[in-house]
Amino acid sequence: MKSSNVEPDERVFTTILSARARLRNLDAGKVVHEFISENDILSNSYLQSALINMYPGCGAMDVAQSLYDTFTQKNLVVSTAMVSGYSKIGNIEAARSIFDQMVDKDLVCWSAMISGYAESDKPQEALKIFLEMQQSGIKPDLVTVLSVISACARLGALDRAKELHIFVDDNGFGKALPVNNALIDMYAKCGSLEGTKEVFGRMHNTNVISWTSMISAFAIHGDVDNALNHFQQMKCENVEPNWVTFVGILNACSHAGLIEAGRKIFASMVDEYSITPQLEHHGCMVDLYGCANCLRDALELVETMPMAPNVIIWGSLMAACRIHGELELGEFAAKRLLELDPDHDGAHVFLSNIYARERRWENVGEVRKSMKHKGISKERGLSKIEMDNEVHEFLTADRAHKQADEIYTKLNEVVDKLKDEHYAPNTSCILVDLDEDEKRDALLWHSNKLPFCYGLIRGEKGSCIRIIKNLRICEDCHNFMKLASKAFDREIIVRDRTRFHHCRGGSCSCKDYW
DNA sequence: CTAGGGTTAG
């Protein structure tokens, strides 16, 4: 182009830059950046936003920021690109700070902020911003609605979800395919498989995302039969499964312990569908073997898989070893994990616990010192319950709630009643340096049990109690919920980090396999 | 009529 003496026009650069952004090719992008600077066309706002848009994907948000700082006039589109750039790299505070400085905000920049919060797992903030947007007189479009539904899914509050569904229908989005797909996922993550089925049943047309969302919904609720059924059915309807579909179906097998079925499906990816298993699929298989206590198979897969295992893979193996008390392999996995992520809280806590159990006090000291030095602490247990249109949060041994006294009194009552059902606190779930009495208290105050008691106090009599937990539910809390479902004749639905537990009449839908 | 926000996945 240059040799024929045709000057490239500015449109060419926006095309090149968006290609660079997709390729995540930082060096090539910088060459274009320099060329633009040298030719004094950096004042073109189309070029500005294309440049800003390229950097976050290349892992160079700092370059985007310094470039942005040089612009004296902050264009709305360019600022929005900064908001979404910071959101993509997980720096939501920086995104918000730019957002707050913007004047005359339009729909797109509000949407960028909403999806930023949704993807940063701050659903409450996303919904709050959505409300503010409407109060400022701006009506959402389809894209906004999708982000809001996704935020509500992460929040997990069913009443809020139902309200949003009505809003979506009332505003004319109820027939759009992507909206219905998002609603399927929302109901699943809010613990309502019924809602999921209802939305799916009313859809006039479906695509691979609809079917995949259904399969994943059944997977997280432990209904492997329906997950497999829907997988068959989508084949009959000539909908081609994609790689996400396989993540869902393999997860379903993992949650139900169906090793053979999982193996076959994993093999069929290549044999029947010509889909190369990715890291995620290998992760599902490690999970499948790990949960089923086939730790040798899990390790073999990790060591022979065609790509380098990442933090999630080693974490999955480590978690399986923790559950099955396989300390030696667990230590190995934790160490590999720490090589990839030296600040991983779970691996530190796990190592320290293994060493404590084996009375290797020197090692315990080393790990704790390193944690203190790096400022690492264990992620705290956090549980939530929705009540009267409000989401109430509880940490372990939390006394911050306004009705804390009442809740703790109730907890004692509940524990007394559960003792009739032979409930005995299982302190092996707690591995810190506490004496037995302290352990017992720490266990009873596990965050899960607090929202349950609050649900008993405030909820309608006989209604289902829905709890959302940030970590994997511990064995003692699981046992507690099962017994409580019988003793109080209540359905209790707990969403933990990876799946749902439906407790009813003394047993759980996961059949104690999780 | 070429910039910025998007549903399924651990």
Side-chain angles (χ1 to χ4, degrees), chain A residues 9-18 21 44-54 56 74-85 87-88 95 98-99 102 105-119 121 126 129-130 133 138 140-153 168 173 176-186 188-189 196 199-200 206-217 219-220 241-251 254 278-284 286-287 310-313 315-316 319 472 497-499:
Chain A
D9 93 342
E10 292 156 21
R11 254 184 271 184
V12 174
F13 290 120
T14 58
T15 312
I16 294 172
L17 285 168
S18 71
N44 178 314
S45 60
Y46 291 88
L47 289 176
Q48 288 178 353
S49 53
L51 272 170
I52 295 286
N53 223 7
M54 175 194 70
K74 313 285 195 216
N75 172 304
L76 180 65
V77 176
V78 174
S79 298
T80 305
M82 286 296 289
V83 170
S84 81
S87 298
K88 271 186 203 123
I98 296 204
F99 177 80
M102 294 168 74
K105 299 184 182 69
D106 70 353
L107 176 60
V108 179
C109 82
W110 281 102
S111 294
M113 199 61 237
I114 291 168
S115 78
Y117 275 125
E119 275 160 32
D121 219 15
I129 288 277
F130 176 54
M133 181 190 95
I138 294 176
D141 69 358
L142 184 107
V143 177
T144 322
V145 163
L146 290 176
S147 292
V148 177
I149 296 173
S150 155
C152 200
V168 165
F173 299 106
L177 176 59
V179 168
N180 280 292
N181 289 342
L183 287 173
I184 290 176
D185 177 60
M186 176 184 77
K189 290 188 179 145
T196 293
V199 172
F200 187 67
T206 52
N207 63 7
V208 62
I209 297 180
S210 330
W211 287 93
T212 302
S213 300
M214 286 308 287
I215 291 168
S216 308
I220 58 174
N242 64 17
W243 71 276
V244 185
T245 317
F246 283 99
V247 172
I249 195 77
L250 289 174
N251 258 322
S254 170
Q278 300 298 307
L279 194 60
E280 286 83 351
H281 304 106
H282 287 91
C284 293
V286 172
D287 233 34
N310 67 356
V311 173
I312 294 171
I313 302 269
S316 166
R472 180 184 185 273
R497 177 168 275 190
T498 53
R499 62 177 298 167

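A note on names: the letters A, B, ... follow the listed sequences, proteins ahead of strands, and every chain is numbered from 1.
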Shortest side-chain distance from A:E119, nucleotide among B:dG6, B:dG4, B:dA3: B:dG6
Side-chain N,O (A:N53) to OP1/OP2 (B:dG4) below 4.0 Å: yes
Sugar-phosphate, base or nothing in reach of A:S45, heavy atoms under 4.0 Å: base
Touch class at under 4.0 angstrom, heavy-atom based, for A:L76 against every strand present: base
Touch class at under 4.0 angstrom, heavy-atom based, for A:D141 against every strand present: base
Sugar-phosphate only, base, or nothing, as touched by A:T144 at under 4.0 Å among non-hydrogen atoms: base
Step-by-step side chain to side chain contact (heavy atoms under 4.5 Å, CB included) determination, A:N207 to A:N181: CA-CA 9 Å; A:N207 63 7; A:N181 289 342; 3.2 Å; yes
Touch class at under 4.0 angstrom, heavy-atom based, for A:Q278 against every strand present: nothing
Identify each donor-acceptor pair in which a side-chain atom of residues 108-116 of chain A lies under 3.5 Å from a protein atom, sequence neighbours left out, and give them as a table.
unit_1 : atom_1 : unit_2 : atom_2 : d
A:S111 : OG     : A:L107 : O      : 3.0
A:S111 : OG     : A:T144 : OG1    : 2.9
A:S115 : OG     : A:A112 : O      : 3.3

By ring pair (Phe, Tyr, Trp, His ring centres under 6.0 Å) - contacts of A:F246 (at least two apart): A:F231, A:Y273
Nucleotide of B:dG6, B:dT8, B:dG5 approaching A:K88 most closely (side-chain heavy atoms): B:dG5
Side chain to side chain contact (heavy atoms under 4.5 Å, CB included) assessment of A:S210 paired with A:L177: CA-CA 8 Å; A:S210 330; A:L177 176 59; 3.8 Å; yes
Proximity to the side chain of A:S111 - top-ranked nucleotide from B:dG5, B:dA9, B:dG4: B:dG5
Atom-to-atom span, CG of A:N207 to P of B:dG6 - whole angstrom: 18 Å
Sugar-phosphate only, base, or nothing, as touched by A:D106 at under 4.0 Å among non-hydrogen atoms: base
B:dG6 phosphate, OP1 or OP2, under 4.0 Å from A:S147 side-chain N/O: no
Residue A:N242, side-chain heavy atoms: nucleotide from B:dG5, B:dG6, B:dT8 that is nearest: B:dT8
Touch class at under 4.0 angstrom, heavy-atom based, for A:I184 against every strand present: nothing
Proximal nucleotide (of B:dG6, B:dA3, B:dG4) relative to the A:L142 side chain: B:dG6
Euclidean distance, atom CD1 of residue A:I209 to atom C1' of B:dT8 [Å, nearest integer]: 5 Å
Atom-pair distance (CZ on A:F173; P on B:dG5), nearest Å: 18 Å
Interatomic distance, A:I138 CD1 vs B:dG4 P [rounded to whole Å]: 19 Å
Side chain of A:S213 (C-beta onward), nearest among B:dT8, B:dG4, B:dA9: B:dT8
Sugar-phosphate, base or nothing in reach of A:K105, heavy atoms under 4.0 Å: nothing
Nearest-Å distance for atom pair CD1/P, residues A:I98 and B:dG5: 14 Å
Sugar-phosphate, base or nothing in reach of A:V108, heavy atoms under 4.0 Å: base
Selection from B:dA3, B:dG5, B:dA9 that lies nearest to any side-chain heavy atom of A:V143: B:dG5
Rounded distance (Å) that lies between atom P of B:dG4 and atom CG of A:L107: 15 Å
Touch class at under 4.0 angstrom, heavy-atom based, for A:W243 against every strand present: base
Between P of B:dT7 and CE of A:M186, the distance in whole Å: 15 Å
pair A:S213-A:I209: side-chain heavy atoms closer than 4.5 Å: yes
A:T212 side-chain proximity, nearest of B:dT8, B:dA3, B:dG4: B:dT8
Heavy-atom pair of closest approach, residues A:T498 and A:I220: O-CG2, 3.7 Å
Separation of atom CE in A:M82 from atom C1' in B:dG5, rounded to whole Å: 16 Å
Touch class at under 4.0 angstrom, heavy-atom based, for A:I149 against every strand present: nothing
Selection from B:dA9, B:dT8, B:dA3 that lies nearest to any side-chain heavy atom of A:S150: B:dT8
Stepwise side chain to side chain contact (heavy atoms under 4.5 Å, CB included) test for A:T245 and A:W211: CA-CA 8 Å; A:T245 317; A:W211 287 93; over 6 Å; no
